[in-house]
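Have a look at the structure below before the remarks.
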2 protein chains.
Amino acid sequence: MMKERWIKVLKELALIGAMDSYVTISSRALSKILGCSQQTASRYLIEMERMGCIDRKLGIRKQRVRIGEKGRELLQREYLDYKKIFDARRRDIFLKGKVISGLGEGKYYTTIDGYTEQFRKKLRFTPVPGTLNVRVNKDYLDRLMELKGYEGIRIEGFSTEDRSFGGARCFHAEINNLDAVVIIPDRTHYMDILEFISPFRLRDRLNLKDGDHVDVIIHLGDGDEESGDS
Amino acid sequence: MMKERWIKVLKELALIGAMDSYVTISSRALSKILGCSQQTASRYLIEMERMGCIDRKLGIRKQRVRIGEKGRELLQREYLDYKKIFDARRRDIFLKGKVISGLGEGKYYTTIDGYTEQFRKKLRFTPVPGTLNVRVNKDYLDRLMELKGYEGIRIEGFSTEDRSFGGARCFHAEINNLDAVVIIPDRTHYMDILEFISPFRLRDRLNLKDGDHVDVIIHLGDGDEESGDS
DNA sequence: ATTACTAGACCTCGAGTAA
DNA sequence: TTTACTCGAGGTCTAGTAA
């Protein structure tokens, strides 16, 4: 059960700063913003709190409100939709990060035939074993969210007798101006880490060591350039 | 009278391409997207057409729908709200362009004392004479528009007996990872050209010649700039 | 001043159905 | 197949009011 109206309420709350921290807002003040009665505003807040969209701290004379986990997700999804509409021809995402040691799961992808065969076919290169891992600066994390909206180049999961291997999405990218491919496993825990694969040893080519800051460009490439240029 | 629900309908229509041109969509298909009944979808379309949010072309078996002037405005307003929420702390603009020969007016700025004094004070360097000019790729022109919203570092205009010299705005920037400053005269004709000043000869340092492609990052804020809206 | 409950007015929805 | 009307059920709103 998901009320369409809540999106608007969440949006208005976000606009007065409830995204970052608790803001003091009375139900009457909110009703003025929303153009409804105090009672309705109050009801919205109660319902939204119950659904986990917002957190509230009720005082005797004032309440403080903050957008919760679920509310943030809803707003983000909405934002992405609008981005798709208005920013449709966006071609790439730029961000900064720093090199870290490999923690990601991406190393599997570079050594298992079931994956490397797909790389050869879909990316037209055989990656060297291992991935270059970049932790995205937190100022740029929001930019990463945009990636969710794009399919990229699909790498299919598969199964052997022993276990199953998950799928992933790939995006052509540049790291410090050198072409590479970023690979995002479908099921990953590290939402701030990008893993790069390449036909070269990126660390050597770029002369990188842990902690080095790098500039990354991720090509979203919705154009038809990737798929079939026969 | 303005229905909140219509925003969602408009958004879904926009996502299937109704922003650019007429799309064929039956009321049943729309109802599936919206998660409501065919009757309700039909009613939405009728109401929204009446309010000027959409244009319709009714055929005998199919209708074609396009987002109208008013609908476009509503979506745009919505998008801007979300931009405020999520893009508020945007720190820089990334774009690509190519080096061109100096056509801009920026060369004045690097040779006239009235300007260079301000550069020394506000940018803390004395630029070498001349500017590096970059024509922005047209895919990134929309990104440039965002610059309008930022004051940057103000360079004041001034007058001598002979003539008057206009003001400009400066932004710290990077061109192919080398720090530089982009200078935008208040009155400029070339809306797709960026002019860079630097304490070094950028062409030499970066080994650039006309036609070379460069990556540019423009830093919007020097930290604690207030974000007062229009 | 607050928040939020209750009750009834009002509106919105979708099944049925016509064209 | 379409679009879109009517109308009754049920959901949502606000006035009144308590705490």
Side-chain angles (χ1 to χ4, degrees), chain A residues 1-18 21-68 70-71 74 78, chain B residues 1-18 21-68 70-71 74 78:
Chain A
M1 162 240 203
M2 187 50 239
K3 298 275 172 55
E4 200 54 45
R5 224 71 99 288
W6 297 354
I7 293 281
K8 184 187 179 175
V9 184
L10 284 169
K11 197 192 73 179
E12 297 297 343
L13 286 173
L15 283 169
I16 58 172
S21 57
Y22 283 96
V23 292
T24 301
I25 176 106
S26 74
S27 57
R28 166 130 311 272
L30 181 59
S31 75
K32 288 275 167 57
I33 294 172
L34 296 173
C36 67
S37 69
Q38 172 269 323
Q39 291 87 339
T40 297
S42 175
R43 204 180 59 249
Y44 283 162
L45 290 173
I46 294 167
E47 292 170 341
M48 287 167 61
E49 183 181 27
R50 203 140 44 203
M51 296 303 287
C53 292
I54 58 169
D55 306 324
R56 283 207 296 172
K57 282 187 174 168
L58 280 160
I60 185 64
R61 308 181 56 85
K62 51 167 87 174
Q63 67 181 329
R64 297 194 302 150
V65 178
R66 180 179 66 174
I67 288 171
K70 198 158 170 182
L74 287 168
E78 210 68 9
Chain B
M1 163 239 203
M2 187 53 237
K3 297 277 172 54
E4 200 55 44
R5 223 76 91 291
W6 296 355
I7 293 282
K8 185 187 178 175
V9 184
L10 284 168
K11 197 192 72 177
E12 296 297 343
L13 287 173
L15 283 170
I16 58 171
S21 55
Y22 283 95
V23 292
T24 301
I25 178 106
S26 73
S27 56
R28 165 125 320 266
L30 181 59
S31 75
K32 287 275 167 55
I33 294 172
L34 295 172
C36 67
S37 68
Q38 172 269 324
Q39 292 88 338
T40 297
S42 175
R43 207 180 52 250
Y44 283 164
L45 290 173
I46 294 167
E47 292 170 342
M48 287 167 62
E49 182 181 28
R50 205 143 37 206
M51 296 302 288
C53 292
I54 58 169
D55 306 323
R56 284 206 295 172
K57 283 187 174 169
L58 280 160
I60 185 66
R61 308 182 58 85
K62 51 170 77 176
Q63 66 181 330
R64 295 195 304 151
V65 178
R66 181 179 65 175
I67 288 170
K70 198 160 173 181
L74 287 167
E78 209 67 9

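Note that this is a predicted model, so its numbers are computed, not measured. Order of the sequence lines sets the chain letters (A, B, ...), proteins ahead of strands, with each chain counted from 1. The figures here come from the full heavy-atom set of this structure, side chains too, leaving out hydrogens, waters and symmetry mates.
Closest to the side chain of A:Gln63, from the set C:dT3, D:dT3, C:dA4, is C:dT3.
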query: Could you run down nucleotides 13-18 of chain C 5' to 3' and tag each one B, S or - for protein heavy-atom contact under 4.0 Å?
result: BBBB--

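Taking all atoms of both residues into account, the shortest heavy-atom contact from B:Leu34 to B:Lys8 is O-NZ, 3.8 Å. Nearest heavy-atom pair, A:Asp55 versus A:Gly68, reported as atom, atom and distance to 0.1 Å: OD2-CA, 4.0 Å. Taking both residues in full, the closest heavy atoms of B:Ile25 and B:Leu13 are given as CG2-CD2, 4.4 Å, listed atom of the first, atom of the second, then distance. Residue A:Leu10 comes nearest to A:Ile67 through the heavy atom pair O-CD1, 3.5 Å, listed as atom of the first residue, atom of the second, then distance. Across A:Ala41 and A:Cys36, no two heavy atoms sit closer than the pair N-SG, 3.9 Å.
Of the residues in residues 24-32 of chain A, none has a non-hydrogen atom less than 4.0 angstrom from any atom of DNA chain D.
The side chain of B:Arg50 contributes no N or O atom lying less than 4.0 Å from OP1 or OP2 of D:dA4.
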query: Where do A:Gln38 and A:Ser27 land on the side chain to side chain donor-acceptor pair (under 3.5 Å) test, with the steps shown first?
result: CA-CA 6 Å; A:Gln38 172 269 323; A:Ser27 57; 3.3 Å; yes

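Summary of helix geometry: the two end axes of the helix from C:dT2-D:dA19 to C:dA19-D:dT2, each defined by five base pairs via their C1' atoms, are inclined to each other by 40° (rounded to 10°).
Rounded to an integer number of Å, the gap from A:Leu34 CG to D:dT12 P is 16 Å. For B:Ile46 and D:dT6, the CD1 to C1' distance is 13 Å, given to the nearest whole Å. Atom CH2 of B:Trp6 is separated from atom C1' of C:dC11 by 14 Å (rounded to the nearest Å). A:Ile54 has its CD1 atom 13 Å from the C1' atom of C:dT3, to the nearest Å. D:dC13 atom C1' lies 15 Å from atom CD of B:Glu4, rounded to whole Å.
Residue-level contact check: A:Leu45 touches neither bases nor backbone, having no heavy atom under 4.0 Å from any strand.
Side-chain contact between A:Arg56 and A:Met48 is absent, with no heavy atoms from C-beta onward closer than 4.5 Å. Taking 4.5 Å as the limit, some side-chain heavy atom of B:Ile46 sits within range of a side-chain heavy atom of B:Arg50. Taking 4.5 Å as the limit, some side-chain heavy atom of B:Arg5 sits within range of a side-chain heavy atom of A:Arg5. Side-chain atoms of B:Glu78 and A:Lys11, non-hydrogen and from C-beta on, do get closer than 4.5 Å to each other. Using a 4.5 Å heavy-atom cutoff, the side chains of B:Met51 and B:Lys70 are in contact.
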